[in-house]
Each structure stands twice: as structure tokens, then as C-alpha cells.
Amino acid sequence: MTDSSDLRDAPLSAPPARPLPATAATTASAAGAATASAATATAALSATAKAASAVSAAGATSAAASASATSAASATSAASAASAASAAAASSATAAGAATARVVLLTGPSGSGKTRLAGRSGLPVLRLDDFYKEGDDPTLPRLGTAVDWDSPGSWDADAALRAISDLCHHGTATTPRYDIARSARTGQEHLDLAGSPLFIAEGIFAADIAARCAALGLLADAICLRERPTTTFRRRLLRDIRESRKPLPVLLRRGWRLLRAEPALVARHRALGAHPCTHEEAASRITRLRTTAAPAPRADA
């Protein structure tokens, strides 16, 4: 889910641009949540101190989970690579030529600051959380009797990839608008890159399509934001209470689970091709990409 922060930062400056270098991958793509009361939030946040000891106590478990997640990610990566050919074929109908823009995939644990960093970048932003499946979708994965919204199976990766391909080749895309509190799509939005040769696609499942984007020649970079688990726990809980994303007991249970699983989650994103780094390093990587990018010609020009 998309996370945000209460912090405000100055926009990143955009250095003088120069043309994108041509790559073999680019050539290949031519073929194919009401606000809770302050008392409630404060009470919930008092659990943060306990979180640190929970992380320490679960260290050995996290390490084992990390190894398991890495192995699973390798299998997922292989499956993604195998589906790249079919994705390329599906994209060939809309990709009339070489891509005129490339995507920076920005992922990381929920609460890591993806939305804040994307907003600071000055680049167009595609919200990947808008591609969640609706709450009545029979294919949604379950965690006991509840939907597991932290599973990649709760997200429509194919639709997200199509939107990225449209943006890269045509500079525009029509995307769904999703209400997390209602677990439903509420409309559509039109995203226009306005000639930008780069844009950011941010969400907790962004790394799951990194291999496919690379195979289609659309990937500029894949970044995984990494913070202290207790920091992401606090940010995530504050945001979810403020936006009334789910009932408080659900938010707390999910928060504890994600706190313990965070090291394994970052390891999974790394195995899928995303570079784990701090906000500062991520901002520097994006700035460097902008210095090598020139305004892209409109595909319909």
C-alpha cells in the first residue's frame, strides 16, 4: 500500500538534461485510508517501544524467513522472466516504436516513505496501489479468514505493466482510482507525462514487475527504500489511522506482523532486482538519472 509521511522536504532540483543513451533493451522493446482521535493514535503508538524488543527476539526467525524469502523470490523472478515474452507480445499492439520514456520502480516496506520520496522527485508518479484487486475478487489470497493485502496475489501486475508500457511508448495512460478503505475501484484517472523522459511507479509490489520491465526495455532503475523497522511501523500506523484505512485492531495486527517480517521483505525485493538504500541514496540515484535524460518527443507528434 502506498505510504506517505508527515514530513515535508524541498523538491529535488533538476540539473540540465542531455539525451538518453540508446540501449539494446530499448531497441528490443520496439518488437514487442476518517482521522482517529489523538488519544487512540497515541495509545497505539505507545506500542512502538515494545516493537524494538520484538524485533530483537524475532531476529533468528527473521533471518530464517529471509533465506526462505530469497529462495521464493528467485522462483518468482524466474516465473516473471518466463512471462516476459507473452507480455512483450501483448505490448506490441500498442508499442509502435522505441520507448520515449523509462520507469523508475520505487518499492519498499509499507511505511518506508515511497510516496514522500516520489512526490519530492518532481517526476510524474504512477501509483501502483491503484492496481489492487477489488474486495470481492475470488482470486484474492487469504490469511486465515481475512484477505492478505500484503501478498502480491492481491495486486493486478499485468494491468500495472500495461499502464507502464503505455506511458513509456505514448506518454499517457488511463489508470484506475482505488479506495483502500473500501477495497474498491472508484473511477479512473488520466496520467500524462507531458514530455518527461522519466517517471516513477511506486508501491509495495513494484519489484515484482522489475524483470518484465527490464525485458521490455522500459526500466531505468529499481529502488527499494530501507529504514529501521520501528520507524516504518510508526509511520505506517500513523498514516493508516489518519486515513481510516482499516479498523484499528486490524491495523495493529498487521503492523506487528510486518514489523517482524521486514528484513525478509527487503531481502525479497533485493532478489527481485531492486537496490535497497536509504532515502538520501535513492534521491541521488533519481537525480543522476535526470541528468542523463532529455525531454522525450510525443509519441503522437
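These values consider heavy atoms only, across backbone and side chains, with no hydrogens, waters or symmetry-generated copies.
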Are [X] and [Y] side-chain neighbours, meaning at least one heavy-atom pair lies under 4.5 Å?
{"X": "Lys246", "Y": "Trp149", "answer": "yes"}
{"X": "Glu202", "Y": "Leu128", "answer": "no"}
{"X": "Asp156", "Y": "Glu134", "answer": "no"}
{"X": "Leu123", "Y": "Ser196", "answer": "yes"}

Checklist entry - Do Ser110 and Arg239 have a side chain donor and acceptor closer than 3.5 Å? => result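 Side chains of Ser110 and Arg239: pair found under 3.5 Å.
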
Checklist entry - To the nearest 0.5 Å, what is the distance between CZ (Phe199) and CD1 (Ile164)? => result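 These two atoms lie 5.5 Å from each other.
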
Item to check | Interatomic spacing from CD1 in Ile223 to CZ in Arg226 - rounded to 0.5 Å | outcome: 12.5 Å

Checklist entry - Would Leu252 and Leu237 count as a side-chain contact (heavy atoms from CB on, under 4.5 Å) if you check the C-alpha gap in whole Å, the side-chain angles of each, and the deciding distance to 0.1 Å? => result CA-CA 8 Å; Leu252 287 172; Leu237 186 60; 4.0 Å; yes

What is the minimum heavy-atom distance between [X] and [Y], and which atoms define it?
{"X": "Phe205", "Y": "Ser151", "result": "CZ-O, 3.2 Å"}
{"X": "Ala210", "Y": "Leu219", "result": "O-CD2, 3.9 Å"}
{"X": "Ala157", "Y": "Arg212", "result": "CB-NH1, 4.3 Å"}
{"X": "Arg235", "Y": "Gly113", "result": "NH1-N, 4.2 Å"}
{"X": "Ile200", "Y": "Ser121", "result": "CD1-OG, 3.4 Å"}
{"X": "Glu262", "Y": "Pro229", "result": "OE2-CA, 3.6 Å"}

State whether the side chain of [X] and the backbone N or O of [Y] hold a donor-acceptor pair below 3.5 Å, judged by distance alone.
{"X": "Trp155", "Y": "Ile204", "result": "no"}
{"X": "His169", "Y": "Ser165", "result": "yes"}
{"X": "Thr100", "Y": "Cys168", "result": "yes"}
{"X": "Thr107", "Y": "Gly203", "result": "yes"}
{"X": "Tyr178", "Y": "Lys133", "result": "yes"}
{"X": "Lys114", "Y": "Ala201", "result": "no"}

Checklist entry - Is atom CZ of Arg182 surrounded by more than 12 heavy atoms (other residues, nucleotides or ligands) closer than 6.0 Å? => result no

Checklist entry - Counting only heavy atoms not in Arg177, do more than 12 fall under 6.0 Å of its CZ? => result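 Enclosed.
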
Next on the checklist: Would you say Phe131 ends up clustered with Leu218 if hydrophobic residues are merged whenever their side chains have heavy atoms under 4.5 Å apart, either directly or through other cluster members?
Outcome noted: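 In one cluster with Leu218: Phe131, yes.
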
Next on the checklist: Set out, in order, the CA-CA distance, both residues' side-chain angles and the distance that settles side-chain contact (heavy atoms from CB on, under 4.5 Å) for Ser183 and Tyr132, then state yes or no.
Outcome noted: CA-CA 8 Å; Ser183 301; Tyr132 269 108; over 6 Å; no

Item to check | Arg257: side chain to side chain donor-acceptor pair (under 3.5 Å) partners, not counting sequence neighbours | outcome: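 Here the qualifying residues are Asp150.
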
